[in-house]
Amino acid sequence: MAAPRQTVFRPLDPAFLEDPYPIYARLREQHPVAWGATQAVGYAGFWFISRYADVAAGLKDNRFGREIAKVMSPDSFPPIPEAHKPLYAMLSDWMLFKDPPEHARLRRIAAPVFSLRAVLGMRPRIDALIDAALARIPERGTYDIVSDFSSPLSIDIVADLMGVPEKDHPLVRGWVREITLSLDLVRTPERIAAGSRRASELIAYFERLVAAHRKVPQDNLLSLLISAHDGGTFLNEHELLASCVLFLFAGHEASSLLIGNGLRALASHPEQWRRLCAGEASAKSAVSELLRYDSPQQIAFRHALEDVTFQGAAIRKGQTVGFGLGSANRDPSVFPDADVLDLQRQENRHLAFGAGMHTCAGSSLANLEAELVFTALAKRFPELRVESHQRQESILVRGLTQLTLRCDR
Ligand code: HEM
């Protein structure tokens, strides 16, 4: 018989936000499918899946999906306020929120744009943006490496590759941040309304940019995207514009959080930082381990599209299920000494980019960007000294809003 629902953890508790890993360990051992209660807007709570094998299997199981509106009656949802509608209209065109067969149609656009070959071709631009960001780090004193380096840099890189001219980078950064805030579980109605305004502005912005690129194609990802779109007829114009915003949104936050989380982890493991600086650990294996050790996206959310019994738990149609990527990545049945940071770890099959059909479409770009950034920072900071940090309030992603480093060499 399926086990009854019982609240086992509270993912918005400050102790959980600061360090969820001991709680994940308890859940993996005692409650591999646990009910977590939240006060978040629109979520009474969710089922949390903590073991690696279950997370990997669940994300490939089509009984869990995104398009809950297809299986529930319309009166199960509160009406959407007028001011929130532009945001939801845009999200409904994102592959991230689609199930088969629509998902595959929308995702086709990503393949040529984010192929390793295309991304490697963009490397000189990425190098130039990283160099410009490094040049802004002062020689002495303290510096907030998250607000002043990783956050603007990660938006600038993806914005640049998406054809946004440099003069507009600060503007686009602000819009993207507001959309990000409107989508997190700790959002408020005001944040959703602000995100909605920005969604309309970004769509209009890309409409102009796409028109300009159609007239004069450039050597960037936006032109690749447009030619993939115009060469086939699988996306309509709205979907093309919404995909541009998705790439900006999906491409910046996790990349930025990885830099902050990684630097903080390395500052408390100086022998590992020394190995990276000395070239004993390659940037590639270091980035995989940092992604595993403190994953930027902790949870991949889905809904049960039918009643499902999963590892003994009765999950009802419509309920939210959180697949714990961060917990899976610390599962000792897959990773020996899972709580140890080891930049030279072998066979690192982490799930930081998710699993199944929604596996990160930009992982080649994310890996390359992080490898270049950590290599550059290892040269700039022979020693890593953290003065203070501030954590972002979120359960979907995990990261810092501030990480102040001492800059003196
Ligand atoms: C360290 C950096 C990154 C991490 C950790 C990361 C992680 C993820 C994860 C976990 C998912 C799956 C979400 C789910 O299943 O619910 C995802 C999806 C996605 N990511 Fe990334 N991502 C990163 C960077 C990027 C970049 C640089 C881009 C592109 C510019 C990108 C584009 C996407 C897209 C388009 C999707 C949706 C794929 C789909 O629904 O089929 N990501 N990412």
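Counting from 1, the numbers follow the sequence of the chain as shown. As the structure lists them, so they are numbered: ligands from 1, and atoms in each ligand from 1.
- The ring of Tyr143 has its center no closer than 6.0 angstrom to the ring center of Phe149.
- Proximity of Arg107 to ligand 1, defined as any heavy-atom pair under 4.0 Å, is confined to the side chain (atoms from C-beta onward).
- Nearest heavy atom pair, residue His389 against residue Arg264, reads CE1-NH2, 3.2 Å.
- A salt bridge links Arg214 and Asp230; the closest N-O separation between the charged side-chain nitrogens and carboxylate oxygens is under 4.0 Å.
- With hydrogens left out, the protein atom closest to atom 13 (C) of ligand 1 is Gln297 NE2, 3.7 Å, a heavy atom.
- Of the options Phe114, Phe353, Phe249, Phe97, the smallest heavy-atom separation from atom 29 (C) of ligand 1 is shown by Phe114.
- Contact annotation for His103 and ligand 1: only side-chain heavy atoms (C-beta onward) come within less than 4.0 Å of the ligand.
- For ligand 1, the polar-atom distance check against His358 finds a nitrogen or oxygen pair separated by under 3.5 Å.
- Scanning all protein heavy atoms for the shortest distance to atom 3 (C) of ligand 1 gives Ala254 CB, 3.4 Å.
- Among Phe247, Phe301, Phe323, the residue whose heavy atom lies closest to atom 35 (C) of ligand 1 is Phe247.
- Taking atom 24 (C) of ligand 1 as the reference point, the nearest protein heavy-atom neighbour is Ala366 CB, 3.6 Å.
- At the shortest separation from atom 36 (C) of ligand 1 among protein heavy atoms lies Ala361 N, 3.9 Å.
- The part of Arg66 lying near ligand 1 is the side chain, judged by heavy-atom distances below 4.0 Å.
- For atom 25 (C) of ligand 1, the nearest non-hydrogen atom of the protein is Ala250 O, 3.5 Å.
- Using a 4.0 Å cut-off between heavy atoms, Val158 contacts ligand 1 through its side chain alone, with no backbone atom that close.
- Ring pair Phe16/Tyr24: centre-to-centre distance below 6.0 Å.
- The pair Arg292-Glu289 meets the salt-bridge criterion, since a charged nitrogen lies less than 4.0 angstrom from a carboxylate oxygen.
- For the pair Gly356 and Lys60, the tightest heavy-atom approach, listed with the atom from each and the gap, is CA-CG, 3.8 Å.
- A distance below 6.0 Å separates the ring centres of Trp94 and Phe249.
- Between Ala110 and Ala361, the closest heavy-atom pair is CB-CB, 4.0 Å.
- The pair Arg136-Asp148 does not meet the salt-bridge criterion, since no charged nitrogen lies less than 4.0 angstrom from a carboxylate oxygen.
- The heavy atom nearest to atom 10 (C) of ligand 1, out of those in Ala352, Ala104, Cys360, Ala355, is found in Ala352.
- Contacts of Trp94 with ligand 1, taken as heavy-atom pairs under 4.0 Å, are absent altogether.
- Less than 4.0 angstrom separates some heavy atom of Met357 from each of these atoms of ligand 1: 41 (O).
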query: Does the pair Met122 and Asp219 meet the rule for a side chain to side chain contact (heavy atoms under 4.5 Å, CB included), with working shown?
result: CA-CA 8 Å; Met122 301 296 139; Asp219 183 17; 4.1 Å; yes

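- Residue-level proximity to ligand 1 for Arg302 is carried by the side chain, the only part with a heavy atom below 4.0 angstrom.
- Ranking protein heavy atoms by distance to atom 37 (C) of ligand 1, first place goes to Leu96 CD1, 3.8 Å.
- With hydrogens and angles left out, the side-chain atoms of Tyr293 and Asn261 include no donor and acceptor closer than 3.5 Å.
- In terms of protein heavy-atom proximity, atom 26 (C) of ligand 1 is nearest to Gly251 CA, 3.4 Å.
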- request: Might you work through the salt bridge (charged side-chain N to carboxylate O under 4.0 Å, His left out) test for Arg191 and Glu393, ending with a clear yes or no?
  value: CA-CA 14 Å; Arg191 279 183 176 176; Glu393 195 199 357; 5.9 Å; no

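- Only side-chain heavy atoms of Leu325 come within less than 4.0 Å of ligand 1; its backbone N, CA, C and O stay farther off.
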